[in-house]
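Some notes on the structure that comes next.
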2 protein chains.
Amino acid sequence: MRVAQEGHLLSKLGRIETGEALADRRIDILDAAARAFMRQGFAATSLDRVSDEIGSTKGAIYYYYRSKSELFFAVHRRGMELTQAAIRPSFETAASARDRLHGMAVAHTVLVIDHLPYLRVIAQGLELHLLERTNESERAELADVAALREANENLYIRVIRDGVASGQFRSVDAKLAAKPLLGALNWTSRWYQPRPGETQAAKKRLAESIADFVVAGLEKKN
Amino acid sequence: MRVAQEGHLLSKLGRIETGEALADRRIDILDAAARAFMRQGFAATSLDRVSDEIGSTKGAIYYYYRSKSELFFAVHRRGMELTQAAIRPSFETAASARDRLHGMAVAHTVLVIDHLPYLRVIAQGLELHLLERTNESERAELADVAALREANENLYIRVIRDGVASGQFRSVDAKLAAKPLLGALNWTSRWYQPRPGETQAAKKRLAESIADFVVAGLEKKN
DNA sequence: TCCAAACATACTACTCGGTAGGCTGAAAAC
DNA sequence: GTTTTCAGCCTACCGAGTAGTATGTTTGGA
């Protein structure tokens, strides 16, 4: 299937920083894994397919990752980190709770669109695939990723609390209200299909529309 | 693993209607499959595990279903039908769009709680697992189940349109607004964990809270 | 007694995660 | 300029698990 050994690709790129090149290669593999997991799910995705995606073989993957589940965890971790990086800026502004939440929801939705593979994979959840037959270190990583997920959810919970306290939002249980809110946002990864040539403005309009929905769901009526 | 052949279970139950007994057995298998698919997903679930769940073997499954994917389709189909049956009554009342939508959302959420295995499986989606390597008849069934999903979504779209027309709801694109709405509802299947001894009233309160959220997300502010 | 429904059992063919060992080219050592 | 080294893979393989099948078996009923 492969044409030939093309030599040291990284070196041919003239890279000096070995560490950086190594990290890039890891991300190449991660991107390919995210796309494959998105399309077929964890169990149905073979590592041979993942390595095909980057024109390589399974050996390359096992040089950078120790197991299939470690690769899966890495996809989740990166998805969570992307999410945190996307929503935190709006969370930290000095604006009202309403406006902060709106900004978070817009950023979140744009992120889903722009990084669909990662976001769809994390929306599928990982507990499903790994509840059984896990060893000690895998359970530790699972707890780790779960903590990241919780950290993201907590940003929403806190901004909801702020809105309730300031009287902008209805008097809801923030932890419970965050669930359908996140559902509305994460669901985007399930139905959205990338349109080639879709403008950034169009994405923004879609994100605004969804953000309007979740904010209105919490605001007081008058 | 099995203790012994316990004879004709169905006949021992004194069933007269053979057709009904046969249907019951099919549902037993379907329930077991739904639970297994819920916990491990389609690809990671072996038919041996499914048959273990009903204290039987793979032969029993293949007597009632022709393939693993047919069983998977059947789970989806039943989940969709349960959903339709749950939300249609509220949809068809003569009340306002707001109240009809609220009733649909409450019924939908209660259904998710009461039939978690089926609803979580359909929330995972099936296209994911079966996009490739499908034959002709499987693609037909896929389209069939997709039509059922669309039919459910259309009930929501129509009630949203009614609300926009009557002025109760904001002026939104109904097809687009239905997405986050369904996301908020379906997401329940992802985070909800059954509490033994949870009262029906407690379930109802949870469902009301989520329904309030999605209705408020569409209502006009004053 | 005989039959067929309703399974159970035993197999096959195949896939896939993981591993062991080999290869290669660039760069360091001399 | 030659030799050595070793990162970065590739190849070939093994063993475990599994969908699907072919055939055997039981049992209630005709």
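Proteins come first, then strands; the chains are lettered A, B, ... in the order of their sequence lines, and each starts at number 1. The shown structure was predicted, so the numbers you read here are calculated from the model rather than taken from an experiment.
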Tell me which nucleotide among [options] gets nearest to the side chain of [X].
X	options	value
A/Ser46	D/dT18, D/dC10, C/dC16	C/dC16
B/Tyr62	D/dT21, C/dA6, C/dG17	D/dT21
A/Arg25	C/dG17, D/dG20, D/dC9	D/dC9
A/Ala60	D/dA19, D/dC9, C/dC7	D/dC9

Within this structure, what is the [atom1]-to-[atom2] distance between [X] and [N], rounded to whole angstrom?
X	N	atom1	atom2	result
A/Arg66	D/dG8	CZ	C1'	18 Å
B/Glu70	D/dG20	CD	C1'	13 Å
A/Tyr64	D/dC10	OH	P	10 Å
B/Tyr65	D/dA19	OH	C1'	17 Å
B/Leu47	D/dA19	CG	P	5 Å
A/Leu71	C/dG18	CG	P	10 Å
A/Asp24	D/dG8	CG	C1'	15 Å
B/Asp48	C/dC11	CG	P	15 Å

* Within the structure shown, what part of the strands sits under 4.0 Å from B/Thr45 by heavy-atom distance: base, sugar-phosphate, or nothing? ->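 It contacts sugar-phosphate atoms only.
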* Asked: Is any side-chain N or O of B/Lys58 under 3.5 Å from a base N or O of C/dA8, one able to act as donor and the other as acceptor?
  -> no
* Asked: Would you say the side chain of A/Lys68 and the base of C/dG18 hold a donor-acceptor pair, judged only by whether the two atoms sit under 3.5 Å apart?
  ->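 Answer no: no donor N or O sits under 3.5 Å from an acceptor.
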* Could you tell me whether the phosphate oxygens of D/dC10, OP1 or OP2, come under 4.0 Å of any side-chain nitrogen or oxygen in A/Tyr63? =>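 A/Tyr63 to D/dC10 OP1/OP2: no side-chain N or O under 4.0 Å.
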* Within the pair B/Ser56 and C/dA8, is there a side-chain N or O less than 4.0 Å away from OP1 or OP2? -> yes
* Using a cut-off of 6.0 Å, state whether more than 12 heavy atoms not belonging to A/Arg139 lie near its atom CZ. =>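 Yes, the 6.0 Å shell around CZ holds more than 12 heavy atoms from other groups.
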* Asked: Can A/Arg26 be said to sit on top of A/Tyr64's aromatic six-ring, NZ or CZ under 6.0 Å from centre and within 45° of the ring axis?
  ->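 Because its charged atom misses either the 6.0 Å distance or the 45° angle limit, A/Arg26 does not stack over A/Tyr64.
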* Asked: Does A/Arg158 make a cation-pi contact with A/Phe91, if we ask for NZ or CZ under 6.0 Å from the ring centre and within 45° of the axis?
  ->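 The answer is no, since A/Arg158 fails at least one limit relative to A/Phe91.
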* Ring geometry between B/Phe213 and A/Phe213 (parallel below 30°, tilted from 30 to 60°, perpendicular above 60°) -> perpendicular
* On the 0 to 90° scale, with breaks at 30° and 60°, tag the B/Phe72-B/Phe37 ring pair as parallel, tilted or perpendicular. => perpendicular
